Amino acid sequence: MLKKCGLRNKFGQRALIGSGENISIGNDSSIGKDCVINYVNIGSNVMMGDRVIFYASNHKFDNLKIPMTKQGMEKPRMLNIDDDVWLGAFSIILPSCHYIGQGAIIGAGSVVTKDVPPYAIVGGNPAKILKYRNE
């Protein structure tokens with residue numbers, strides 16, 4: 001069960017929705033096929049293409065005397081996605097991104113490593129601002 005789920009949302013086939021208490025979704029949003037989401041607040045009217053993945057935490061790696069496989073994971077971080085955002089297919093959102101602003105567009109196949117301001121169109125690996133929708 002989700003923390004909050006608005007009205008008229010669509011969920012694609014095989015979408016993996018993590019722990020419900022860590023996810024809220026506004027109204028009229030869609031999650032594409034094969035998406036993997038967790039630790040996220042999704043606004044209203046958000047479009048998510050197929051195979052979008054949100055990563056909420058990384059492996060710890062700061063102690064050079066202990067193998068990384070034995071250092072555990074960082075505490076998961078929440079991602080906040082404002083209203084009217086479009087996440088293109090195959091986008092990857094890394095834990096260093098905490099916020100995607102209203103009206104932003106994430107280009108297909110992008111790897112988002114930092115926050116995205118409102119109305120920005122970003123793309124690439126790592127994703128960079130290409131332009132703004134409201135220019």
Side-chain angles (χ1 to χ4, degrees):
M1 186 164 262
L2 301 178
K3 180 178 177 182
K4 173 191 167 202
C5 187
L7 303 172
R8 298 172 303 278
N9 292 308
K10 298 176 185 171
F11 298 86
Q13 296 174 328
R14 298 175 306 276
L16 296 176
I17 312 297
S19 303
E21 66 273 4
N22 300 318
I23 299 170
S24 65
I25 304 173
N27 297 318
D28 301 303
S29 291
S30 61
I31 297 171
K33 294 186 296 186
D34 299 309
C35 288
V36 180
I37 68 168
N38 202 6
Y39 292 94
V40 62
N41 296 312
I42 298 172
S44 294
N45 299 298
V46 172
M47 298 184 295
M48 192 179 307
D50 295 345
R51 298 187 178 176
V52 173
I53 299 175
F54 301 152
Y55 288 101
S57 64
N58 278 319
H59 292 278
K60 292 182 181 178
F61 56 87
D62 56 336
N63 190 334
L64 300 178
K65 296 179 184 200
I66 300 173
M68 289 181 279
T69 59
K70 298 193 182 342
Q71 291 188 44
M73 299 292 289
E74 295 175 343
K75 181 181 176 192
R77 302 174 191 170
M78 288 298 290
L79 170 62
N80 293 297
I81 301 174
D82 277 353
D83 298 338
D84 190 30
V85 169
W86 179 10
L87 295 108
F90 294 90
S91 298
I92 298 172
I93 314 301
L94 295 179
S96 52
C97 177
H98 303 112
Y99 172 73
I100 299 175
Q102 180 171 339
I105 298 173
I106 310 300
S110 297
V111 178
V112 181
T113 60
K114 58 186 177 182
D115 293 353
V116 177
Y119 303 104
I121 299 173
V122 303
N125 179 7
K128 294 184 178 4
I129 296 173
L130 304 173
K131 65 180 191 174
Y132 285 88
R133 288 179 58 202
N134 57 355
E135 286 182 338

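Values in this document were obtained by computation on a predicted structure and should not be read as measured data.
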For residues S29 and G43, report the shortest heavy-atom separation together with the two atoms involved.
OG-O, 2.8 Å
Rounded to the nearest 0.5 Å, what separates atom CD1 in I42 from atom CD1 in I31?
4.5 Å
Output, in order, the C-alpha distance, side-chain angles, deciding distance and verdict of side-chain contact (heavy atoms from CB on, under 4.5 Å) for I81 and I93.
CA-CA 11 Å; I81 301 174; I93 314 301; over 6 Å; no
Looking at CZ of F90 and CD1 of I53, how far apart are the two atoms once the value is rounded to the nearest 0.5 Å?
9.5 Å
Determine whether I23 and V36 fall in the same hydrophobic cluster, where Ile, Leu, Val, Met, Phe, Trp and Tyr are linked whenever their side-chain heavy atoms lie under 4.5 Å apart.
no
Only pairs at least two apart or in different chains count here, so list each side chain to side chain donor-acceptor pair (under 3.5 Å) that has a residue in residues 8-18.
R8-D28, R14-D34
Checking side chain to side chain donor-acceptor pair (under 3.5 Å) for the pair N80/N41: CA distance, chi angles, key distance, verdict?
CA-CA 5 Å; N80 293 297; N41 296 312; 2.7 Å; yes
CD1/I37 to CD1/I25 distance, rounded to the nearest 0.5 angstrom?
5.0 Å
Taking distance alone, no hydrogens or angles, what donor-acceptor pairs closer than 3.5 Å link side-chain atoms of residues 114-131 to residues at least two apart or in another chain?
{"residue": "D115", "atom": "OD1", "partner": "H98", "partner atom": "N", "Å": "2.7"}
{"residue": "D115", "atom": "OD1", "partner": "Y99", "partner atom": "N", "Å": "3.2"}
{"residue": "Y119", "atom": "OH", "partner": "Q102", "partner atom": "NE2", "Å": "3.3"}

So which heavy atom on C35 is nearest to which on G32, and how close?
SG-O, 3.3 Å
To the nearest 0.5 Å, what is the distance between CD1 on I92 and CZ on R51?
12.0 Å
Are the side chain of S44 and the backbone N or O of N27 linked by a donor-acceptor pair below 3.5 Å?
yes
Between S30 and M47, what is the shortest heavy-atom contact and its length?
OG-CA, 3.8 Å
In this structure, CZ of F54 is separated from CD1 of I100 (nearest 0.5 Å) by 6.5 Å
With the 4.5 Å side-chain cut-off for hydrophobic clustering, are M48 and V40 part of the same group?
yes
Path from V46 to M78 over hydrophobic side-chain contacts below 4.5 Å
no
As an exercise, state the distance from CH2 of W86 to OG of S91, rounded to the nearest 0.5 Å.
10.5 Å
Salt bridge (Lys or Arg N to Asp or Glu O under 4.0 Å) with D84: which residues, sequence neighbours excluded?
R133
Side-chain heavy atoms under 4.5 angstrom apart, residues restricted to Ile, Leu, Val, Met, Phe, Trp, Tyr: same cluster for L2 and L16?
no
Heavy-atom donor-acceptor pair, T113 side chain to L94 backbone, under 3.5 Å:
no
Answer whether the closest heavy-atom distance between the side chains of H59 and M73 falls below 4.5 Å.
yes
Least distance between heavy atoms, Q71 atom then K60 atom:
O-CD, 3.3 Å
